[in-house]
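Okay, structure first, notes after.
Just so we're on the same page: letters track the sequence lines, and every chain starts at 1.
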Protein chains: 2
Amino acid sequence: MNTLSYGLLSLLSHSPLSGYDLTLRIQPFWPAKHSQIYPLLSQMEKDEQVTFETVAQSDKPDKKVYSITDKGIDSLREWLSEPASAPVLRDELMLKAYCVPLVDPSITRDLFQSRLEYYRNNLQRYEEKIRKIKETSDLDEGEVPAYRDPLFGAYILLNKALMSCRTNIEWCEWVLSAIPQDHT
Amino acid sequence: MNTLSYGLLSLLSHSPLSGYDLTLRIQPFWPAKHSQIYPLLSQMEKDEQVTFETVAQSDKPDKKVYSITDKGIDSLREWLSEPASAPVLRDELMLKAYCVPLVDPSITRDLFQSRLEYYRNNLQRYEEKIRKIKETSDLDEGEVPAYRDPLFGAYILLNKALMSCRTNIEWCEWVLSAIPQDHT
DNA sequence: TTGCACATGTAATAGGTTACATGATTGT
DNA sequence: ACAATCATGTAACCTATTACATGTGCAA
């Protein structure tokens, strides 16, 4: 049981999901490939943290839908009571930013322009998601789902994503404004 | 030559540093332990990206001070011309946040209170650092070091750190305000 | 004399990515 | 036929952490 497996349990605490869906949904919080997730799910099933049933689909291939067990819920509760380790951010752009005076401003501009577009795309996706949540659970302006509402977690996470995205966009724009237009 | 080795080159492009110092300084941008960095430096030395000289110190043990070579500078310039890969953030608190309705609000409050203190400490360290940079290079309010100034990189990175820190503090405080005071 | 910061290294293990492999189903 | 998405799995490789190992110089 490593952090990733607790992450999978956390997702499964909301609803049963296939390994495929788990892989897609865990990306924003803890990036991992299916090659890491499928074997983990097997282990967790042996350890009785999860169960699965094979579900036949008419339009798509069969899938294995995993559900969290009571033992899994207990594991989650214990894990929540332990302090969370510090976040780990690895960003190539930060390493590059440190030595940009080595190259032409045009190179640096491209770097930050690409990153700006990356964050703008993310922002759009997140805004769409939060719009949907607000729609389906009709929340008033500034209102937050109740603490015991299963949507509470998704809501505060989406807000974090939005806030971080906006801050990063602001930073990229500020950096771009500090890069000279011509070859210096 | 992986990302970490380019990161080391990036740091060395400003000034020569020991493996020990490199380990400390790269943490905010690309966390790595000395056990990963020392062998990498040996490889990079064999590959002529860096050179080192042993420096005797009277008050502390001897150290190996690494400098970037011209070949290393060329490598850096090429690397800067390639697009930067997407940032990777792994944060246990985000995984936990998703399933906090499973536990008492007091548990959740502790989680976010600790994280808030973590960010407040970081903010203080970053504010001190930027204060020192502004002091030594006497910048006016809102002024940014010139693009070719070696401090340009450090300055924009510190600003990113400050902005992110403040946003995260704001988020933690907002989440804490949404957690009920009593057992719900 | 014990502990701490500085300083460098290797070995074993765990975590994560890339590549290989297969197959269903739908739409073009 | 072909590409795209869905779906699951393994093998090889690379990256990163933890543990082991050693030693200096200083201060309490």
Side-chain angles (χ1 to χ4, degrees), chain A residues 1-9 11-12 16-47 50-67 85-92 95, chain B residues 1-9 11-12 16-47 50-67 85-92 95:
Chain A
M1 292 293 288
N2 53 21
T3 307
L4 177 56
S5 52
Y6 284 110
L8 296 172
L9 285 184
L11 292 180
L12 292 175
L17 289 169
S18 64
Y20 187 86
D21 286 334
L22 282 165
T23 304
L24 293 179
R25 298 207 192 192
I26 206 166
Q27 295 311 314
F29 313 120
W30 198 274
K33 314 285 178 179
H34 73 271
S35 54
Q36 199 180 2
I37 288 171
Y38 287 127
L40 248 192
L41 284 169
S42 293
Q43 276 180 242
M44 289 162 73
E45 195 262 338
K46 267 178 209 148
D47 198 29
V50 297
T51 55
F52 73 89
E53 55 173 342
T54 305
V55 172
Q57 299 178 113
S58 52
D59 52 337
K60 295 173 203 166
D62 296 1
K63 61 180 173 180
K64 287 165 78 169
V65 173
Y66 287 86
S67 303
S85 52
V88 170
L89 174 62
R90 285 200 173 89
D91 188 350
E92 220 177 306
L95 298 175
Chain B
M1 291 293 287
N2 54 20
T3 307
L4 177 55
S5 53
Y6 284 110
L8 296 173
L9 285 183
L11 291 181
L12 291 176
L17 289 168
S18 66
Y20 187 85
D21 286 334
L22 282 165
T23 305
L24 293 180
R25 299 209 190 189
I26 206 165
Q27 295 310 315
F29 313 119
W30 199 275
K33 314 284 177 181
H34 73 270
S35 53
Q36 198 180 3
I37 287 171
Y38 288 126
L40 249 191
L41 285 170
S42 292
Q43 275 179 244
M44 289 161 71
E45 196 261 338
K46 268 178 209 148
D47 199 28
V50 297
T51 55
F52 73 89
E53 54 173 343
T54 305
V55 172
Q57 300 178 110
S58 52
D59 52 337
K60 294 172 204 167
D62 296 0
K63 60 180 173 179
K64 286 165 78 170
V65 174
Y66 286 86
S67 303
S85 51
V88 170
L89 173 63
R90 285 199 173 90
D91 188 349
E92 221 177 307
L95 298 175

Original post:
Could you go step by step and tell me if B:T51 and B:E53 meet the side-chain contact (heavy atoms from CB on, under 4.5 Å) rule?
Top reply: CA-CA 7 Å; B:T51 55; B:E53 54 173 343; over 6 Å; no

**OP:** In sequence, state the C-alpha distance, the side-chain angles, and the governing distance for B:L8 and B:V50, and then conclude on side-chain contact (heavy atoms from CB on, under 4.5 Å).
**Re:** CA-CA 10 Å; B:L8 296 173; B:V50 297; over 6 Å; no

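In terms of the ring-ring contact (aromatic ring centres under 6.0 Å, His included) criterion, B:Y20 has no residue partners (sequence neighbours excluded).
The side-chain heavy atoms of A:L95 and B:L9, taken from C-beta on, include no pair separated by under 4.5 Å. The shortest side-chain heavy-atom distance between B:Y66 and B:L12 falls under the 4.5 Å cut-off.
Following rounding to the nearest Å, B:Q43 (CD) and C:dT10 (P) show an atom-to-atom distance of 11 Å. Rounding to whole angstrom units, CG of residue B:N2 and P of C:dT17 are separated by 14 Å. Regarding B:E92, its CD atom lies at a distance of 12 Å from the P atom of C:dG15, rounded to whole Å.
Backbone-only engagement by B:S58 is indicated by non-hydrogen atom pairs under 4.0 Å involving sugar-phosphate atoms exclusively.
The footprint of chain A on DNA chain D, defined by a heavy-atom cutoff below 4.0 Å, extends from D:dC6 to D:dT17.
With a 6.0 Å radius and a threshold of 12 heavy atoms from other residues, nucleotides or ligands, A:R25 has its CZ atom at or below the threshold.
Note: B:L41 CG to B:S18 OG = 9.0 Å, rounded to the nearest 0.5 Å.
With A:E92 contributing its side chain and B:A86 its backbone, the two residues share no donor-acceptor pair below 3.5 Å.
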All N/O pairs under 3.5 Å across the protein-nucleotides 6-8 of chain C interface:
unit_1: C:dC6; atom_1: OP2; unit_2: B:Y20; atom_2: OH; d: 3.1
unit_1: C:dA7; atom_1: OP1; unit_2: B:Q57; atom_2: OE1; d: 3.3
unit_1: C:dA7; atom_1: OP1; unit_2: B:Q57; atom_2: NE2; d: 2.7
unit_1: C:dT8; atom_1: OP1; unit_2: B:K64; atom_2: N; d: 2.7
unit_1: C:dT8; atom_1: OP2; unit_2: B:Y20; atom_2: N; d: 2.8
unit_1: C:dT8; atom_1: OP2; unit_2: B:Y38; atom_2: OH; d: 3.0

